[in-house]
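For reference, the structure is listed below as structure tokens.
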Amino acid sequence: MLKSMISLLFVQGSNYLIPLLTLPYLSRVLGVEGFGKYGLTLSTIQYFVMITDFGFNLSATKKIADVQNDKVKVSIIFYETMIAKIAICLASILTIVVLVSINMDNVFSSTLYYSIIMLVGTVLLPMWFFQGIEKIPVLSFLMVMTKLVSLPFFFIFVKDSSDIGIAIFIQSSTNFIVGLFAIFYIIKNKLLVNVKYKDLSVYKSIHEASPIFLASFAISLYTMSTTIIISLSSNITEVGLFSAADRLKGAVLGVFFIMGNVIYPRVNKLLATNKNEAYRIIRTTFIIQGILSIAIIIFIYLFNREIVSVFYSEEYKKAGVVLIVLSFTILLAIEATVLGNYILLPHGYNKEYTILPMVIAAIHIPLCFFLSHKYGAIGGASSIVIGEFLSFIILLFVVIRKNLFRKIFIRGECV
């Protein structure tokens with residue numbers, strides 16, 4: 001597991017850290033408003049990426065991890081998932097075309113077209129497959145190198161705010177390129193076998209992933225939707241300030257989620273074979289992540305101005321306060337992930353896992369409109385923190401009520 005974790009940290013860390021290398025340049029040449037439009041477009045396409053993923057990153061990973069030594073069963077899961085993702089991707093592209101043609105409140109602009117390649121890359125790059133068979137290292141070098149090679153193109157082709165579309169296309173194209181190589185690798189190394197279409201159950205695959213998707217979609221309503229809500233209730237400058245702070249927060253939060261992507265399939269596998277070891281991993285993850293995130297919050301509070309000045313120009317100085325507010329979501333989000341993804345979901349509490357984010361989203365959306373209208377980016381950030389806090393408290397309550405907290409964190413062993 002350690003080798004897979006290091007590899008996945010290396011790979012997905014590049015998704016968060018390498019783009020930070022372009023932030024000082026893009027934030028300056030695009031300006032606050034241009035950077036706001038850039039961030040708004042990427043936030044919008046992330047909705048469609050999430051819809052295309054449809055929870056398969058967890059459900060398919062778990063199923064493949066359970067049968068990773070049976071090539072026929074692995075192949076069936078692979079083809080079911082890929083067919084489902086292709087269908088959802090096509091529907092998403094059609095939806096984007098409709099939304100851009102409507103162009104409601106200038107939120108869905110033609111810059112979205114430049115990001116469609118990200119959707120195709122989401123289908124082509126089956127990270128869930130490589131996680132399930134625990135062969136993440138095979139993609140590590142290629143993914144990082146592709147992202148590094150793309151960096152010069154930002155400096156060559158993006159010169160001012162009129163080049164927003166080009167910046168979005170470059171940002172969106174890396175997964176597509178790596179996805180092509182991933183499919184080639186699978187075919188060349190014969191990781192799959194031929195199966196009959198009648199043996200596939202695409203509907204069943206979608207149905208099994210739907211609780212995870214609904215929860216993820218609801219969670220996105222109080223994370224990714226904030227950028228869109230600020231653009232509707234405030235102005236594009238506030239969107240730029242929020243996007244600036246949110247990208248820095250996302251880079252930090254992403255490191256924890258990367259480790260979680262490795263731990264999740266391992267915990268699922270151990271829960272079926274060695275519950276004591278699974279519970280030990282859950283406890284250790286919860287404690288270590290909590291300590292690290294608190295240290296990060298203190299660091300951001302003390303040095304937020306310096307952090308912002310490293311990546312952005314003087315016109316972004318107000319983003320420091322927004323970053324302080326958002327830093328609390330680091331602690332709340334990663335610990336809520338342990339309670340939800342590592343405890344409730346593997347123990348079969350799909351209903352609770354799905355309903356909670358919907359409730360939080362119902363609270364967040366009107367609250368975000370109100371706070372961002374009055375306080376701009378700071379208001380939007382505050383609404384996210386409130387939503388994450390409520391989510392963590394409710395998840396903790398549910399885990400305690402199901403007697404899982406005592407079993408995992410106090411007794412430390414299954415009886």
Side-chain angles (χ1 to χ4, degrees), residues 12 15-24 26-27 30-47 49-50 107 115 164 167-168 171 216 219-258 293 296-297 299-301 304-305 307-313 315-334 337 361 364-365 367-369 371-372 375-389 391:
Q12 294 193 3
N15 291 337
Y16 297 96
L17 300 180
I18 292 179
L20 291 181
L21 299 177
T22 62
L23 275 186
L26 289 179
S27 65
L30 297 180
V32 178
E33 289 192 10
F35 192 73
K37 293 177 182 178
Y38 174 78
L40 179 59
T41 301
L42 292 179
S43 293
T44 304
I45 197 61
Q46 283 302 320
Y47 266 107
V49 168
M50 180 193 59
V107 173
S115 62
I164 295 174
I168 292 170
Q171 180 72 31
S216 299
I219 290 171
S220 74
L221 290 177
Y222 60 89
T223 53
M224 292 190 294
S225 68
T226 304
T227 304
I228 298 174
I229 293 174
I230 294 174
S231 71
L232 294 171
S233 61
S234 187
N235 56 68
I236 200 67
T237 299
E238 292 297 321
V239 173
L241 294 174
F242 176 82
S243 296
D246 191 52
R247 284 184 170 276
L248 296 176
K249 181 267 297 182
V252 176
L253 197 56
V255 174
F256 290 100
F257 286 155
I258 291 164
S293 58
I296 291 170
I297 291 172
F299 181 81
I300 289 175
Y301 177 79
N304 66 90
R305 293 181 181 178
I307 295 171
V308 170
S309 66
V310 168
F311 293 98
Y312 304 107
S313 61
E315 59 184 337
Y316 290 88
K317 61 181 180 181
K318 292 183 180 178
V321 179
V322 182
L323 182 60
I324 292 176
V325 176
L326 286 175
S327 68
F328 290 97
T329 65
I330 297 172
L331 172 64
L332 296 169
I334 62 173
T337 298
H364 167 75
I365 293 175
L367 180 64
C368 186
F369 267 104
L371 291 178
S372 60
Y375 306 108
I378 294 176
S382 299
S383 66
I384 293 178
V385 174
I386 293 171
E388 292 286 5
F389 177 75
S391 179

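Note: hydrogens, waters and symmetry copies are ignored here, and every other heavy atom, side chains too, is used. Note that this is a predicted model, so its numbers are computed, not measured.
- Between the CG atom in L323 and the CZ atom in R305 there is a gap of 13.0 Å [rounded to 0.5 Å].
- Taking a 6.0 Å sphere around CZ of F389, one finds it holds 12 or fewer heavy atoms contributed by other residues, nucleotides or ligands.
- Closest approach of I230 and G380 over heavy atoms only: CD1-CA, 4.2 Å.
- The closest side-chain heavy-atom distance from Y301 to S327 is not below 4.5 Å.
- Here the shortest heavy-atom pairing between Y316 and V308 reads O-CG1, 3.5 Å.
- Taking each heavy atom of A245 and A319 in turn, the nearest pair found is CB-O, 3.7 Å.
- Shortest non-hydrogen contact noted between I334 and I330 is CG1-O, 3.0 Å.
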Check step by step if side-chain contact (heavy atoms from CB on, under 4.5 Å) holds for L367 and H364.
CA-CA 5 Å; L367 180 64; H364 167 75; 5.6 Å; no
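- Rounded to the nearest 0.5 Å, atoms CD (Q46) and OG (S115) are 9.0 Å apart.
- Going from atom CZ of R247 over to atom OG of S43 covers 7.0 Å, rounded to the nearest 0.5 Å.
- Atom OG1 of T337 sits about 7.5 Å away from atom CG of L253, to the nearest 0.5 Å.
- Summarising the geometry, atom CD1 belonging to I324 is positioned 9.5 Å from atom CD1 belonging to I378; distances are rounded to the nearest 0.5 Å.
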Using side-chain contact (heavy atoms from CB on, under 4.5 Å), reason through Y375 and S382 one step at a time and then give a plain yes or no.
CA-CA 9 Å; Y375 306 108; S382 299; over 6 Å; no
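- Screening L42, L40, T41 for a side chain to side chain contact (heavy atoms under 4.5 Å, CB included) with T44, the sole residue that qualifies is L40.
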Can you list the steps and then say if F35 with I164 is a side-chain contact (heavy atoms from CB on, under 4.5 Å)?
CA-CA 8 Å; F35 192 73; I164 295 174; over 6 Å; no
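- Atom OH of Y312 is separated from atom CG of L248 by 4.0 Å, given to the nearest 0.5 angstrom.
- Side chain of S391 to backbone of E388: no donor-acceptor contact under 3.5 angstrom is found.
- Among residue pairs with one or both ends in residues 323-334, none qualify as salt bridge (Lys or Arg N to Asp or Glu O under 4.0 Å); sequence neighbours excluded.
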side-chain contact (heavy atoms from CB on, under 4.5 Å) between Y38 and E33, intermediate numbers included
CA-CA 9 Å; Y38 174 78; E33 289 192 10; over 6 Å; no
Please tabulate, for the side chains in residues 232-242, all donor-acceptor contacts under 3.5 angstrom to protein atoms that are two or more places apart in sequence or on a different chain.
from, atom 1, to, atom 2, distance (Å)
S233, OG, I229, O, 2.9
S233, OG, S372, OG, 2.6
N235, OD1, T237, N, 3.0
N235, OD1, E238, N, 3.0
E238, OE1, A377, N, 2.8

